[in-house]
Novice: 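Can you read through this structure? Questions will come right after.
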Amino acid sequence: MPVEKIHDVIIFGTGLAGLRAAVELNIKMKGKVDIALVSKVQVMRSHSVCAEGGTGAVLREEEGDSLELHAWDTVKGSDFLADQDVVDRFVSLSPQEIRLLEHWGLPWSRREDGRIMQRPFGGHTFPRACMAADKTGFFEMQALYDQLQRYATITRYDEGFATSIIVENGKFKGLTLYDLPTGEFVLLRGKALLIATGGLGTLYGFTTYSQTVTGDGQAIAFRAGLSIEDPEFLQFHPTGLIPSGILMTEGCRGEGGYLKNNKGERFMEKYAPKMMELAPRDIVSRSEMTEILEGRGFKGPDGLDYVHLDLTHLGADRINKRLPLIREVCMKFLGLDPIKEPIPIRPVAHYSMGGVEADINGKTNAENIWAAGEVACHSLHGANRLGCNSTAECLVYGGITGGEIAKYLLKNPSIPDSPKKSFEEEERKIFDHLINKEGSENPYQIKKELRKTMDETAGVYREGNLLQKGLTRVRELKEQFKKIKIEDKSKIYNSNLINALETENLLDLAEILLMAAIERKESRGGHARTDFPKRDDDNFLKHTLVKLNNGKPEISYKPVKIIHWKPVERKY
Ligand SMILES: Cc1cc2nc3c(=O)[nH]c(=O)nc-3n(C[C@H](O)[C@H](O)[C@H](O)COP(=O)(O)OP(=O)(O)OC[C@H]3O[C@@H](n4cnc5c(N)ncnc54)[C@H](O)[C@@H]3O)c2cc1C
């Protein structure tokens, strides 16, 4: 029998955004709030612990930085698709997030004068990435986790895999959860829901993301009727290690690393003569691909041709102090010491600029559902996110949504009624129907094929026919998925079942991404179409929205909020 549990607030996802929101809720409610923390992995295994290079914030106006400059860099980096009111709010709040973490004991790297060290990052005109060596996310998660230990009102649902969000009459009624350790099906009810489930990186085969990052929250929010904004904008990070895709942080270039082709040339001179290796990621990734496609790369395994990230001139001391993780990963995975040899890298699927549509307060179009972190689209990053702005966004929007939910609780003290839809139905759908399917298709094979399709058809450079081919293939895979067989029939820790549910989520998100990419007949930020190579502000200076209509995804658009800066040509 399914179990029903009631809390004030359900925080769905415990990365930086979810934990920061939980702390803020406790601060605002003076510890008098009953919070459920839901995570499909142990809290500290959320992908946020992998964040490496730093968190963007203006800390040194006396040395020449300013909020206006951070805002301008973000807007220009976004290829003018960011909503400028959101950008203003974000840059003004991120410094206080850094100070909060400082008060909560985060061991930042320090300058000689004892102040927090900030390194240069791509697309930022001032060194703005606050850093704890190259393990920033890990220490940020640690600091937030420590803070949460002060509050007794948290119930953790670690290794609880959410399968659906129940929304009725525009209101959140429940989150259904498959509890892996017990095999129980649980309905979590609450006054408010925060979706903070991170990105969808494993939609691609060559990715920087942990295998657990499968876009679940975005997919189930979409199925619950929420809108997905700007899904076509997927960021390729310029430096994924060959052949695993492990991230070589932008901090490598922030510390002075070079990118070189097979002639030993620093090719960024041709593409971004001013900012060179520290141009925004979309531009650097395209430059690398152009070098590779024009024969100036190196031959790599399985078609993963590459260029070099060269740190050898930085010296052992700087690498050991500022990039210890990078060195360790290169040595362990490739037997290569970056102090002595260049690192083989190429563009790698990294970050989803799009996500669940949420307003400047992080509220979605359901009355009591908010979204924060990578899963959300507050229109901060537009068509291309700047490095170090994501962890900052998680902190800022974790704080904002925590505060907003606290305000909502004070005005709405009672729990909404039980959902009309029976959640036994959801349990039966999964435990009886899905597990007992006796089809011929292997869900692991479908996932592998999906990721290959995305690598091949929706990469750094895109083209209409190829995107269409990708979409047709994804739809075929969706049909195949209806005929899967799940080998393991047990209920406890059924990882076969989880894989199938994740694959289903990825299939839905792939379809949305490709549909939106086909319709955006221009090149902007991370979406570069060879058949429409120019930005087209007359027709496409607008956000994409995708929503279910009669069970089918439907596309519409909404305007971009332009306050200070009209679009101009992006030069670096
Ligand atoms: C290798 C790497 C390095 C990075 N470095 C930087 C950097 O230096 N600076 C920067 O700004 N950004 C960086 N980023 C990006 C940034 O780290 C992420 O965008 C950010 O941490 C996402 O945090 P989040 O809180 O949104 O989600 P996450 O930290 O991804 O957490 C998602 C949570 O949702 C839960 N969840 C998901 N699905 C389900 C489900 N079905 N049921 C239950 N729970 C679920 C997960 O268990 C997890 O707790 C990096 C990313 C990677 C991959």
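Given the structure is predicted, the values throughout are model-derived calculations rather than measurements. Order of appearance sets the numbers: ligands from 1, and atoms from 1 within every ligand.
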Novice: Report yes or no: is the cationic atom of Arg385 (NZ for Lys, CZ for Arg) under 6.0 Å from the centre of the six-membered ring of Tyr351, at an angle within 45° of the ring normal?
Specialist: yes
Novice: Here's one to test your reading of the geometry: is the NZ or CZ of Lys76 within 45 degrees of the ring axis of Tyr572 and under 6.0 Å from its centre?
Specialist: yes
Novice: Crowded around Arg156 CZ? As in, over 12 foreign heavy atoms under 6.0 Å?
Specialist: yes
Novice: To the closest 0.5 Å, what do you measure between CG (Leu59) and OG (Ser94)?
Specialist: 8.0 Å
Novice: Below 6.0 angstrom between ring centroids: does that apply to Phe431 and Phe185?
Specialist: yes
Novice: Give a table of atom pairs where an N or O of ligand 1 lies under 3.5 Å from a protein N or O.
Specialist:
unit_1	atom_1	unit_2	atom_2	d
ligand 1	5 (N)	Glu52	N	3.1
ligand 1	8 (O)	Glu52	N	3.3
ligand 1	8 (O)	Gly53	N	2.7
ligand 1	8 (O)	Gly54	N	3.1
ligand 1	9 (N)	Gly54	O	2.8
ligand 1	11 (O)	Ser390	N	3.2
ligand 1	11 (O)	Thr391	N	2.7
ligand 1	11 (O)	Thr391	OG1	2.7
ligand 1	19 (O)	Glu374	OE1	2.6
ligand 1	19 (O)	Ser390	OG	2.8
ligand 1	21 (O)	Ser48	OG	2.8
ligand 1	23 (O)	Ser48	OG	2.9
ligand 1	25 (O)	Leu16	N	3.2
ligand 1	25 (O)	Ala17	N	3.0
ligand 1	26 (O)	Glu374	N	2.9
ligand 1	29 (O)	Ser48	N	2.9
ligand 1	29 (O)	Ser48	OG	2.5
ligand 1	38 (N)	Asp216	OD2	3.1
ligand 1	41 (N)	Ala162	O	3.3
ligand 1	41 (N)	Asp216	OD2	2.9
ligand 1	42 (N)	Ala162	N	2.9
ligand 1	44 (N)	Lys40	N	3.0
ligand 1	47 (O)	Ser39	OG	2.8
ligand 1	47 (O)	Lys40	N	3.1
ligand 1	49 (O)	Thr14	N	2.9
ligand 1	49 (O)	Thr14	OG1	3.1
ligand 1	49 (O)	Ser39	OG	3.1
ligand 1	49 (O)	Ser46	OG	2.7

Novice: Listing request: all side-chain hydrogen bond (donor to acceptor under 3.5 Å, both in side chains) pairs with a residue in residues 2-11, at least two apart in sequence or in separate chains.
Specialist: Glu4-Arg189, His7-Asp34, His7-Tyr157, Asp8-Lys191
